[in-house]
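Input: a single structure, listed below in structure tokens.
Start at 1 with the first residue, then count along the sequence.
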Amino acid sequence: MPEQQPYEPERAIAGTGMGGTMDLGASEAVTLEKTPGGPEGPGGTGGPAGTGPQDKPRSLWSDAWHDLRRNPVFVVSALVILFLVVISVWPSLIASGSPLKCDLAKAQEGSQSGHPFGFNGQGCDVYTRTVYGARTSVAVGVLATLGVAVLGSVLGGLAGFFGGAGDAVLSRITDVFFAIPVVLGGLVLLSVITSNTVWPVIGFIVLLGWPQISRIARGSVITVKQNDYVQAARALGASNSRLLLRHIAPNAVAPVIVVATIALGTYISLEATLSFLGVGLKPPSVSWGIDISAAAPYVRNAPHALLWPSGALAVTVLAFIMLGDAVRDALDPKLR
């Protein structure tokens, strides 16, 4: 028979939660009773601090939004982009004049009352043209990114899901497109198009931009479809469309969003580059690339005509790239 331990007032008997007891000090017993999982803790129901079950864990998207709201890089870039979107839709809010109204008598003149950015070589108000130029850049960037993301995601996702000969053919096609220099391709393709709208430029960007998104989507789908929950759904008889739309796509879209957000700024700079070279948008369209090209020969006499559209382009591209970096950091579990 085991020797009976003497009674000690400072000791206490605490339940183990599994039908037994354990002998521990009084202070330890109090600590055990107040643990987060106990009746007095935040996860319990026996005290004022615990009024219900523990909160459910956040999903990837809610967790990412929780981090983004506290990231100053995301906040600043989002505010800049919001401002650009607003003036793109309603440029008359901050610019009352017409970007096509020019006065040769004021050509290359500096800042004046009502014209804070001065005039370019044609006597046009640089401030008004800079404001209206945001509409073209944002429209090209957003529409081209949507087209690239949709086309690349569909082709890459289907190739990664089904595999086989279609996957092999798509991989070889993407290799061919990756071998085409973007600027040289734009010079060749857009030089034969006489349209003066943004659609040829958007179409060219989509044509040469989808392979990158396609490869990202393909790799992401291949990784996700090997997870246990996808295999379980397949074993339960889920169709291919249900597997793609309900189980694979929501968990494979994060890398595509990150790459597309960063690429948006690149597409804006590409449009400006093509317009600067004379194969993108053409006058009388208003574009930062057109204004930069027109102001380049007069940079010594009127540097302000080159400075303001160049600065607006740089800030816009930087804002989208910063936004993409912040989204990448929030959605990448490896960086947590």
Q | Pairs flagged by side-chain hydrogen bond (donor to acceptor under 3.5 Å, both in side chains) wherever residues 167-193 is involved - sequence neighbours left out | A | D167-R218, R172-D175, T174-R215, D175-R215

Q | Sequence-distant partners of L82, side chain to side chain contact (heavy atoms under 4.5 Å, CB included), two or more places apart | A | V86

**Q.** With sequence neighbours excluded, residues passing side chain to side chain contact (heavy atoms under 4.5 Å, CB included) with P255
**A.** I216, S220

Gap between atom [atom2] of [Y] and atom [atom1] of [X] - 0.5 Å precision:
X    : Y    : atom1 : atom2 : result
Y298 : Q122 : OH    : CD    : 6.5 Å
Y267 : S137 : OH    : OG    : 15.5 Å
L270 : L208 : CG    : CG    : 8.5 Å
S275 : I290 : OG    : CD1   : 5.0 Å
I268 : T136 : CD1   : OG1   : 11.0 Å
Y229 : R234 : OH    : CZ    : 12.5 Å

Is the shortest side-chain heavy-atom distance between [X] and [Y] below 4.5 Å?
X    : Y    : value
D325 : V73  : no
T266 : F320 : no
L93  : I87  : no
N120 : Q108 : no
L277 : V183 : yes
L323 : L264 : no
D329 : F74  : no
I180 : L184 : no

Q: Using only heavy-atom distances, determine whether the side chains of E271 and S287 contain a donor-acceptor pair under 3.5 Å.
A: yes

Are [X] and [Y] in one and the same hydrophobic cluster, where Ile, Leu, Val, Met, Phe, Trp and Tyr link if side-chain heavy atoms are under 4.5 Å apart?
X    : Y    : value
W288 : L100 : no
V192 : I202 : yes
Y132 : V138 : no
V256 : L143 : yes
L187 : I292 : yes

Search all heavy atoms of [X] against all heavy atoms of [Y] and return the closest pair with its distance.
X    : Y    : result
T128 : P99  : CG2-N, 3.6 Å
L170 : A159 : CD2-CB, 3.4 Å
P91  : R135 : CD-NH2, 3.0 Å
V286 : G133 : CG1-N, 3.8 Å

Q. Does CZ in R69 sit with more than 12 non-hydrogen atoms of other residues, nucleotides or ligands closer than 6.0 Å?
A. yes

Q: Could you note down all residue pairs passing salt bridge (charged side-chain N to carboxylate O under 4.0 Å, His left out) where residues 93-116 supplies at least one of them, sequence neighbours left out?
A: none

Q) Do the side chain of S293 and the main chain of G289 share a donor and acceptor less than 3.5 angstrom apart? A) no

**Q.** Check: K225 side chain, G160 main-chain N or O, donor-acceptor pair, under 3.5 Å
**A.** yes

Q | All side-chain hydrogen bond (donor to acceptor under 3.5 Å, both in side chains) counterparts of S96, not counting sequence neighbours | A | none

Q.
Please identify which of these residues, L190, V201, I193, T273, meets the side-chain contact (heavy atoms from CB on, under 4.5 Å) condition with V279.
A. L190

**Q.** Sequence-distant partners of F177, ring pair (Phe, Tyr, Trp, His ring centres under 6.0 Å), two or more places apart
**A.** W210

Q: Evaluate the side chain to side chain contact (heavy atoms under 4.5 Å, CB included) criterion for residues F178 and Q212: first the C-alpha distance (whole Å), next the side-chain angles of each, then the deciding distance (0.1 Å), finally the verdict.
A: CA-CA 8 Å; F178 278 126; Q212 180 187 18; 4.3 Å; yes

Q: Just say parallel, tilted or perpendicular for the rings of W308 and F117, cut-offs at 30° and 60°.
A: parallel

**Q.** Intermediate values then yes/no, side chain to side chain contact (heavy atoms under 4.5 Å, CB included), V230 and N251
**A.** CA-CA 11 Å; V230 177; N251 297 285; over 6 Å; no

